[in-house]
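For the single chain, residues carry numbers from 1 onward in sequence order.
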Amino acid sequence: MAATPDIQRSIQRLWKQDSVIITEVGTVDLLNINVSKRVKNQPFKIVWSGQHTAGKALHILLKSLALLNKDILWELHVLGKGKQTKKWKKLAKKLKIHNSCTWYGWVEKKVALDVMKNSHALVITSLKDLTSSVILESISLGVPVVSLDHCGFSYVVNDSCGIKIPIDEPRKVFINIKNAITKLYKYENYRVKLSKGALLRAQDFSWEGKVDKLNSVYKNLLG
């Protein structure tokens, strides 16, 4: 089960006990990343990564991108493939945004990380997921995250490293993602702040840190 604040609140409500979230994935190599500003008039590079299955819901991002104002220059870099690839490519063409989309398929991890590192934001649209490793790879590279506010993403992403999209009104999700991308595009200082915040947030998910958290839980239980 994905670690979420909702679970923490449920435990507190049912058993009157505080709980500690320890995610099932962690960061391994924290690189020395230098955050740099996007060059003015350079396209805003968005990366999406995952298996192309219905639950990963790339169509949400595609429909959101189609709502962007024409003065916003952007590129979508799609990693992975699967049963929905053909369908999503057809949708991109129908929405007339296909010329701004690059589809990589499955590539070596190093190539995927290079694509991510050279992007300005990662967007996650999963409808049901755990705390996916891609989100930790993203913040470890200093790439801000735009994600739906649920599953494991709800815990990892905070105001210091990304933008969470509410899911209480599904019809507004497309507009809210569009607005989040627009904000990151127009306010580069804000995006850079989130990028630096992402590098700091990544430190919270080191495996060493998880061991320390687990040890502290046992120490508290043993008194």
Legend entry - CG-CG distance between L141 and N118, expressed to the nearest 0.5 angstrom: 9.5 Å
Legend entry - Shortest non-hydrogen separation from I33 to K117 and the atoms involved: CD1-CD, 4.5 Å
Legend entry - Sidechain-backbone polar pair: S154 side chain, C151 backbone, donor-acceptor under 3.5 Å: no
Legend entry - Single-linkage hydrophobic cluster, 4.5 Å side-chain cutoff, Y155 and L148 together: no
Inset, instruction - Please answer: with hydrophobic residues joined when any side-chain heavy atoms are less than 4.5 Å apart, are L122 and L200 in the same cluster? - result: no
Inset, instruction - Might you point out which heavy atoms bring A54 and L127 nearest each other, and give the distance in Å? - result: O-CD1, 4.4 Å
Legend entry - K83 NZ to T53 OG1 distance, which is reported to the nearest 0.5 Å: 9.5 Å
Inset, instruction - Could you name each residue pair satisfying salt bridge (Lys or Arg N to Asp or Glu O under 4.0 Å) that touches residues 88-100, not counting sequence neighbours? - result: none
Inset, instruction - Quick one: which residue pairs count as a salt bridge (Lys or Arg N to Asp or Glu O under 4.0 Å) with a foot in residues 136-148, not counting sequence neighbours? - result: K109-E137
Legend entry - side chain to side chain donor-acceptor pair (under 3.5 Å) pairs, two or more places apart, involving residues 176-187: none
Legend entry - Closest heavy-atom pair and its distance - I135, F153: CD1-CD2, 3.8 Å
Inset, instruction - Treating Ile, Leu, Val, Met, Phe, Trp and Tyr as nodes and any side-chain heavy-atom pair under 4.5 angstrom as an edge, say whether V35 and M116 lie in one connected cluster. - result: yes
Inset, instruction - Grab the two heavy atoms, one from P144 and one from S138, that are nearest each other, plus how far apart they are. - result: O-OG, 4.2 Å
Inset, instruction - Give the minimum heavy-atom separation between L184 and A121, together with the two atoms involved. - result: CD1-CB, 4.1 Å
Inset, instruction - Indicate yes or no: at least one non-hydrogen side-chain atom of R191 is less than 4.5 angstrom from one of L194. - result: no
Distance-only criterion, 3.5 Å: show the donor-acceptor pairs between side-chain atoms of residues 43-50 and protein atoms not counting sequence neighbours.
unit_1, atom_1, unit_2, atom_2, d
W48, NE1, T125, OG1, 3.0

Legend entry - Q51 CD: over 12 foreign heavy atoms closer than 6.0 Å: no
Legend entry - K37 versus N189, side-chain donor and acceptor atoms under 3.5 Å: yes
Inset, instruction - Group every Ile, Leu, Val, Met, Phe, Trp and Tyr by side-chain heavy-atom contacts under 4.5 Å, then state whether V107 and W88 land in the same group. - result: no
Inset, instruction - Can you run down the salt bridge (Lys or Arg N to Asp or Glu O under 4.0 Å) pairs that involve residues 192-203, sequence neighbours left out, and say none if there aren't any? - result: R201-D204
Legend entry - Spacing of S195 atom OG and I139 atom CD1 [to the nearest 0.5 Å]: 11.5 Å
Legend entry - Heavy-atom pair of closest approach, residues I167 and P170: O-CD, 3.9 Å
Inset, instruction - May I ask whether I177 and V134 are part of the same hydrophobic cluster, defined by side-chain heavy atoms of I, L, V, M, F, W, Y residues being less than 4.5 angstrom apart, directly or through others? - result: no
Quick one: side chains of residues 56-81, donor-acceptor pairs under 3.5 Å with protein atoms, not counting sequence neighbours, listed by atom name and distance.
unit_1, atom_1, unit_2, atom_2, d
K56, NZ, D129, OD2, 2.7
S64, OG, I60, O, 2.8
S64, OG, F174, O, 3.3
E75, OE1, H77, NE2, 2.9
H77, ND1, Y104, OH, 2.7

